[in-house]
Amino acid sequence: MASRNQFVKTFSDTYSLLGETNQADFSRIFSKLMNQNFILKECDDDRKDYFFLMENKDLFSNFFSIVDYELIYDSSNHCFYLKTLENRNRVRLTKFDTAVLLILRKLFHSKRREITSDNKVLITLDELIEQVRTTQIFVPEKKISAYSETLRKLRTHKIVDYSGSKIFTEMNIQILSSILIVVPQENIDEVLTRLEALKVDSGGEENEDSDED
């Protein structure tokens, strides 16, 4: 494996050959990856950046290696994402966040056969709420504000996408292919088993302190 000094030299030599516009794009995309973790070809706002990354994979990889991150290209899902090598910048998930993630993975599996003409996997918030209700994990049921907080977190990290800042039951939510990386189980029964494990003995009552990575 190359040393950090080698990564620095390789990056510096290649970066110096970029024009001013491309250097600005590099800086912007670096910040975007650090804040959102994923860049996906399927997202309209990412498509131009996705192709810039394709053309400059080695440049970005060398730079991220300097700061102890690994840039991963997933060709099957047409996306780039970061993996920390030093256990830093991990997102803390509540039990409710985790349940929603697993249900989104389950819905992605079933809805992928019904994708729209523009290849988007869409659900409504009402469908998500009904799926959470069916698990009987959370008693009493979660209020709409809890869904708003969780969905906002997942949108920030490029797991879902939707329009506007306020949510309502009829709204469309796009489940992005990054869900396959965050919840990688190939067998959907494994997802259902993980959902079942979230139940607790006290009638489905949630311990709000039980955060997960």
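Heavy-atom basis, side chains included; hydrogens, waters and symmetry copies ignored. Quantities reported herein were computed from a predicted structural model and do not represent experimental measurements.
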Can you sort out the partners of [X] under side chain to side chain contact (heavy atoms under 4.5 Å, CB included), two or more places apart, ordered by chain and number?
X    : result
T156 : none
T124 : D126, E127, N172
E70  : I72, K83, L85

**Q.** Under the ring pair (Phe, Tyr, Trp, His ring centres under 6.0 Å) test, residues paired with F63 that sit two or more places apart
**A.**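 So F63 forms a ring pair (Phe, Tyr, Trp, His ring centres under 6.0 Å) with F11, F26, F30.
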I'd like to check the side chain to side chain donor-acceptor pair (under 3.5 Å) partners of [X]; sequence neighbours left out, ordered by chain and number.
X    : result
N187 : none
E141 : R133
S76  : D74
D97  : T94, T150, K153

**Q.** Counterpart residues, salt bridge (charged side-chain N to carboxylate O under 4.0 Å, His left out), relative to D45 (two or more places apart)
**A.** none
Q | Inter-residue atom distance L128.CG - L104.CG, 0.5 Å rounding | A | 5.5 Å
Q: Can you measure from SG (C43) to CZ (R47) and round to the nearest 0.5 angstrom?
A: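 Separation between the atoms: 8.0 Å.
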Donor-acceptor list for residues 50-61 side chains, cut-off 3.5 Å, not counting sequence neighbours:
| from | atom 1 | to | atom 2 | distance (Å) |
| --- | --- | --- | --- | --- |
| Y50 | OH | Y73 | OH | 3.1 |
| N56 | ND2 | F52 | O | 2.9 |
| S61 | OG | K57 | O | 3.0 |

Q.
Quick test of your reading of the model: are K48 and D25 salt-bridged, counting only N-O distances below 4.0 Å?
A. no
Q: Measure from the ring center of F96 to the ring center of F138 and say whether it is less than 6.0 Å.
A: yes
Q: Sorted by first residue and then second, give each salt bridge (charged side-chain N to carboxylate O under 4.0 Å, His left out) pair with at least one member in residues 162-171; sequence neighbours left out.
A: none
Just list the side-chain donor-acceptor pairs under 3.5 Å for residues 175-185, sequence neighbours left out, or say none.
| from | atom 1 | to | atom 2 | distance (Å) |
| --- | --- | --- | --- | --- |
| S177 | OG | E42 | OE2 | 2.4 |
| S178 | OG | K158 | O | 2.4 |
| Q185 | OE1 | R194 | NH1 | 3.4 |

